[in-house]
Amino acid sequence: DRDVTGVQTCALPIYRTVDLFVGQLSTGLEVLQCERFTPRIPSPNCHREMPIAHGVAINYRFKRSLLGHWRVIGDGVEKLIRSFKMSPPR
């Protein structure tokens with residue numbers, strides 16, 4: 001089922017405290033892992049791994065309450081990473 005966040009929930013019984021979501025980007029599918037709300041986790045996080053180069057990925061987290069903005073957050077992270085690009089040595 002798709003919800004208002006634009007992601008599809010994947011219920012897998014091996015993940016008791018984590019929900020998996022699958023979203024579509026122009027580059028393919030993206031998987032987001034989000035902690036479930038519990039008395040011990042009143043403000044859960046979501047986690048995403050983003051490939052940035054061959055064999056290199058960046059992992060970042062954001063609050064589950066912001067899941068509906070996962071694409072905007074990802075675009076912001078990608079823009080920030082690109083701003084770190086170094087110029088070739090002279």
Side-chain angles (χ1 to χ4, degrees):
D1 297 329
R2 290 202 186 275
D3 63 14
V4 294
T5 63
V7 293
Q8 183 174 358
T9 306
C10 299
L12 298 176
I14 58 171
Y15 293 104
R16 292 186 179 165
T17 60
V18 176
D19 290 322
L20 295 180
F21 296 92
V22 178
Q24 181 71 49
L25 292 175
S26 60
T27 55
L29 296 177
E30 289 294 328
V31 176
L32 300 107
Q33 300 176 29
C34 295
E35 298 168 324
R36 291 185 182 149
F37 292 99
T38 69
R40 290 185 62 209
I41 308 173
S43 182
N45 291 308
C46 292
H47 167 264
R48 181 178 173 204
E49 183 173 299
M50 177 189 299
I52 59 172
H54 180 71
V56 180
I58 186 166
N59 295 298
Y60 66 91
R61 295 181 185 278
F62 57 92
K63 291 297 178 186
R64 184 175 177 141
S65 60
L66 299 174
L67 182 59
H69 304 283
W70 70 275
R71 286 183 181 99
V72 173
I73 293 167
D75 290 346
V77 170
E78 186 174 354
K79 182 178 178 182
L80 177 65
I81 295 301
R82 288 180 193 209
S83 75
F84 296 149
K85 243 183 187 173
M86 296 178 64
S87 301
R90 296 178 189 190

- Query: Just one of D19, V18, T17 clears the side-chain contact (heavy atoms from CB on, under 4.5 Å) bar with R36, so which one?
  - Reply: D19

- Query: Only one of P44, S43, S65, P42 clears side-chain contact (heavy atoms from CB on, under 4.5 Å) with F37; which?
  - Reply: P44

Between [atom1] of [X] and [atom2] of [Y], what distance do you get to the nearest 0.5 Å?
| X | Y | atom1 | atom2 | result |
| --- | --- | --- | --- | --- |
| L20 | H47 | CG | NE2 | 11.5 Å |
| I52 | R82 | CD1 | CZ | 10.5 Å |
| E78 | M50 | CD | CE | 5.5 Å |
| N45 | L32 | CG | CG | 12.5 Å |
| I41 | C34 | CD1 | SG | 11.5 Å |
| E35 | R61 | CD | CZ | 6.5 Å |

- Determine the minimum heavy-atom distance between F62 and L67, stating which atoms define it. CE1-CA, 3.9 Å

- Task: Please check if V56 and F84 belong to a single hydrophobic cluster, counting links between Ile, Leu, Val, Met, Phe, Trp and Tyr side chain heavy atoms closer than 4.5 Å.
- Result: yes

When you compare the side chain of [Y] with that of [X], does any pair of heavy atoms fall below 4.5 Å?
| X | Y | answer |
| --- | --- | --- |
| E30 | V22 | no |
| W70 | L25 | yes |
| R64 | F21 | yes |

